[in-house]
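Quantities reported herein were computed from a predicted structural model and do not represent experimental measurements. Just so it is clear: chains get the letters A, B, ... in the order the sequence lines come, proteins before strands, and each one is counted from 1.
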Amino acid sequence: MRRLRKPTAVKHEIEKLLAAAAAELPGLEGQMPRLEVERARDAKHGDYASNLAMQLAKPLRRKPRDIADEIVARLPNTGLLAGVDIAGPGFINFRLSPQAFHQELAQIIDRGEAYGSSQLGAGERVLVEFVSANPTGPLHVGHGRHAAYGACVANLLAATGHQVHREYYVNDAGRQMDILALSLWLRMQELAGVTLPFPSAGYRGAYLVEIAGDALVDAQSQKLLPFVDHWAADAPPDAPDGDADLHLDALIAALRELLGPEGFAAVLQIGLRAILGDIRDDLAEFGVAYDEWYSERSLVDGGAVDRALSRVNDSGHTYELDGATWFRATALGDEKDRVVVRDNGSTTYFASDIAYHLDKRARGFDRLVDILGADHHGYVARVRAGLEATGEPPESLEVDLVQFVVLYRGDEKVQMSTRSGEFITLRELRDEVGDDAARLFFVSRSNEQHLDFDLELAKSRTNENPVFYIQYAHARICSVMREMETRGVDWDDSRGKVSLDRLTEAHEQKLMQALVRYPEMVEQAARQRAPQHIVHYLRDLANDLHAYYNAHRFIVDDDALRDARVLLILATRQVLRNGLGLLGVSAPASM
RNA sequence: GCCCCGGUAGCUCAGCUGGAUAGAGCGUCCGCCUCCUAAGCGGAAGGUCCCAGGUUCGAAUCCUGGUCGGGGCACCA
């Protein structure tokens with residue numbers, strides 16, 4: 001007889017039992033400490049353990065073991081537990097009943113892809129913004145880490161009952177775009193036979209030559225290449241004799257004058273479309289999907305920046321100094337005040353940032369998750385201050401910083417610079433090591449830690465990448481199923497479910513214990529925004545499967561035993577598949 | 001100078017909200033295919049959890065002060 005149980009982590013079931021028992025303790029008067037139930041680290045201690053009695057020792061002024069005795073005596077009777085012990089200084093150890101494991105196995109089979117998901121998030125609307133690289137060139141390896149991490153965090157939030165919106169903020173306005181247009185135009189001229197000096201601060205990457213070549217195929221583009229006589233002759237000198245940025249600005253102004261606003265915008269648009277298209281394709285191939293590509297230009301053109309600035313002004317948090325408008329961020333926790341309108345009248349990037357985050361709030365998102373590079377940690381305080389000044393809750397903004405990827409070629413560090421064009425692109429990396437390996441590699445370390453990425457190691461096919469190990473476990477199970485089919489052995493889950501008491505081997509026990517932990521791993525990984533927990537869990541689970549595989553045969557003559565074992569490995573396959581799915585890694589049927 | 005991140009086995013790193021004898025992979029050494037995939041399994045060796053104080057029944061974990069390494073501190077984006 002199977003009791004119906006709501007799909008929730010087993011751990012929470014135990015917490016409920018414990019809470020019910022402890023609530024009746026005399027002398028507590030509602031001062032319950034937070035319940036802590038954790039999985040036992042040592043199998044000798046059972047499956048779960050709680051330190052509740054030790055925590056209560058002080059408020060109740062009694063010995064932990066005595067308190068534990070009383071709690072255990074008050075535990076409601078349930079089929080979930082096979083035994084409860086008191087051990088050590090006062091731990092309460094819980095051992096799950098075989099029925100509890102069997103019920104969980106049945107749930108894995110019944111819920112399938114949904115197993116492990118929960119409603120913890122209670123439908124909270126979360127906007128996860130990630131990558132948002134400037135569309136001035138192809139994505140590089142660092143962006144790959146952002147993409148893999150952001151996609152996983154979004155998946156984890158979705159799996160725990162949040163309404164997730166995945167967004168890429170396209171910085172398609174501002175000076176970087178002007179530099180892009182200039183750089184592209186110079187390459188087009190070059191290909192048309194007119195070589196002009198290339199500014200040192202321009203985008204020098206070969207990809208722009210390619211885009212220029214494609215652009216020239218279109219007859220329309222010829223209009224963008226008028227005869228040039230004295231090209232920017234009055235521009236201040238370039239570096240190293242002069243200031244590279246001043247030189248660049250003069251060239252941009254000259255080009256704008258030469259082509260007119262429409263012509264300049266047309267060049268810019270060619271570059272933007274090509275590069276953004278490349279970024280979209282790259283991410284899509286990498287298995288990273290977005291709900292929205294949000295244009296900064298649309299924000300500016302729609303007047304959102306001006307509206308945001310007037311809201312900040314109305315709040316009284318601004319002042320004028322040296323011709324610029326400053327936001328008094330120091331009053332709201334930032335370490336210095338920030339300019340929002342420059343002395344030349346143009347708004348700063350920070351102004352757009354405030355507008356963008358206000359817009360996110362206006363679109364109805366409860367929580368704004370920004371996944372940013374570690375070099376952005378200074379932005380957290382100022383954007384929060386911006387939200388607060390405009391009446392939005394500053395804690396609605398959560399920033400998860402991703403530390404840098406440091407590339408190595410063997411022992412040698414690879415130097416990278418976007419403008420010089422010397423960098424390893426995400427696409428190159430994907431081609432070399434494969435999407436699965438790259439995705440898993442990127443999230444196997446905490447986002448807060450630097451990631452050393454050795455290209456030689458990652459490229460070598462004899463690598464130590466755990467992705468193969470985990471995928472192999474999945475493929476092996478598929479192989480067993482194929483073998484059963486070949487031999488004409490049939491199987492169905494209802495027969496498996498009634499035979500589960502035949503699973504008595506130590507390897508089987510270990511595997512079941514691992515499977516039961518999956519829902520709480522998902523919760524933990526989601527709560528901590530830490531996909532690496534899933535990676536480590538899956539590796540351990542794969543290990544348990546491989547050990548079982550080596551120790552026992554599944555396709556045995558004993559019908560009931562075979563049915564039970566096959567159900568166990570199918571449940572394992574399901575969990576492997578679900579976990580890999582969260583990571584965006586494929587689960588191949590054969591390798 | 002101020003701020004952020006880190007220091008755990010030879011190497012790369014896990015270690016949850018403080019919990020019981022600190023873990024994994026790789027590397028090293030020794031074993032295991034008549035068998036559903038050996039991209040596998042089992043075993044061995046390997047530790048001053050950077051240092052010093054503090055809080056606690058209990059600290060790799062929290063606090064303070066050092067130290068070493070990485071990064072950041074724009075009227076750039």
Side-chain angles (χ1 to χ4, degrees), chain A residues 34-42 44-45 49-51 54-55 57-58 63-64 87-91 93 134 136 171 173-177 179 245 296 321-326 335-336 338-344 346-350 352-353 373-381 401 403-404 406 444-452 454 457 461-469 471-473 475-484 486-487 489 520-521 523-525 527-528 530 532-533 535-536 539-540 542-543 545-556 566 569 590-591:
Chain A
R34 196 174 36 173
L35 270 177
E36 291 183 32
V37 171
E38 55 180 32
R39 71 186 168 83
R41 298 194 179 183
D42 191 324
K44 282 198 299 258
H45 300 136
S50 176
N51 61 358
M54 288 180 295
Q55 287 198 307
K58 197 165 245 180
K63 288 181 194 161
F91 287 104
N93 292 332
N134 284 343
T136 54
N171 293 113
R175 186 163 174 269
Q176 298 303 316
M177 285 292 102
I179 301 172
D245 283 321
E296 179 188 7
L321 181 71
D322 299 335
T325 305
W326 293 71
E335 56 188 23
K336 54 174 82 165
R338 311 288 175 179
V339 170
V340 285
V341 183
R342 294 188 195 102
D343 57 4
N344 67 9
S346 64
T347 56
T348 60
Y349 186 83
F350 173 51
S352 304
D353 243 359
D375 54 330
H376 285 70
H377 83 259
Y379 290 92
V380 184
L401 298 177
Q403 291 286 339
F404 295 111
V406 185
S444 61
R445 306 266 181 279
S446 161
N447 58 296
E448 292 180 353
Q449 280 210 277
H450 295 256
L451 179 64
D452 288 340
D454 185 342
L457 192 68
R461 272 302 165 185
T462 57
N463 68 40
E464 59 213 39
N465 201 319
V467 71
F468 297 115
Y469 185 84
Q471 289 180 322
Y472 184 41
R476 264 186 154 173
I477 297 169
C478 293
S479 171
V480 172
M481 300 310 289
R482 281 193 298 271
E483 179 65 19
M484 274 220 305
T486 304
R487 296 193 199 171
V489 180
E520 61 200 58
M521 288 309 303
E523 280 179 22
Q524 187 193 330
R527 208 172 44 237
Q528 298 179 1
Q532 75 270 17
H533 291 322
V535 177
H536 290 115
R539 220 218 155 265
D540 288 346
N543 184 15
L545 186 278
H546 287 309
Y548 183 34
Y549 183 98
N550 274 346
H552 301 283
R553 301 191 60 75
F554 311 140
I555 308 175
V556 292
V566 170
I569 63 169
S590 66
M591 293 175 70

If you look at every strand shown and take non-hydrogen atoms under 4.0 Å, does [X] touch a base, only sugar-phosphate, or nothing?
X: A:Ala173; result: sugar-phosphate
X: A:Arg539; result: sugar-phosphate
X: A:His536; result: sugar-phosphate
X: A:Ser446; result: sugar-phosphate
X: A:Gln524; result: base

Would you indicate, yes or no, if [N] has its OP1 or OP2 atom less than 4.0 angstrom from a side-chain nitrogen or oxygen of [X]?
X: A:Lys63; N: B:C57; answer: no
X: A:Gln55; N: B:G19; answer: no
X: A:Arg476; N: B:A38; answer: yes
X: A:Gln403; N: B:G72; answer: no
X: A:His533; N: B:G15; answer: yes

Residues A:Asp245 and A:Arg175 bridged, charged N to O under 4.0 Å: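 Yes, A:Asp245 and A:Arg175 are salt-bridged.
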
With a 3.5 Å limit on both atom pairs, tell me what [N] is paired to, counting Watson-Crick and G-U wobble, or say none.
N: B:G69; value: B:C5
N: B:G23; value: B:C13
N: B:A52; value: B:U64
N: B:G31; value: B:C41
N: B:A74; value: none

Side chains of [X] and [Y]: closer than 4.5 Å at any heavy-atom pair?
X: A:Gln403; Y: A:Leu451; result: no
X: A:Val340; Y: A:Phe350; result: yes
X: A:Gln528; Y: A:His533; result: yes

At their closest point, which heavy atom of A:Asp343 faces which heavy atom of A:Asp322, and how far apart are they?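 The pair with the smallest heavy-atom distance is CB-O, 3.8 Å.
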
5' priority, RNA chain B, between A:Ser590 and A:Ala324 [closest heavy atom]: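 The answer here is A:Ser590.
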
Both A:His552 and A:Ser50 contact RNA chain B. Taking the nearest nucleotide for each, which residue is further toward the 5' end?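 This one resolves to A:Ser50.
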
Stacked pair A:His45-B:A20, distance under 5.5 Å, angle under 30°: yes

Aromatic-base stack, A:Phe91 on B:A20, cutoff 5.5 Å, angle under 30: yes

Taking donor-acceptor contacts at under 3.5 Å, does the side chain of A:Asn51 reach the base of B:G19? yes

Expressed as a whole number of Å, how far does the C1' atom of B:A20 sit from that of B:C57? 13 Å

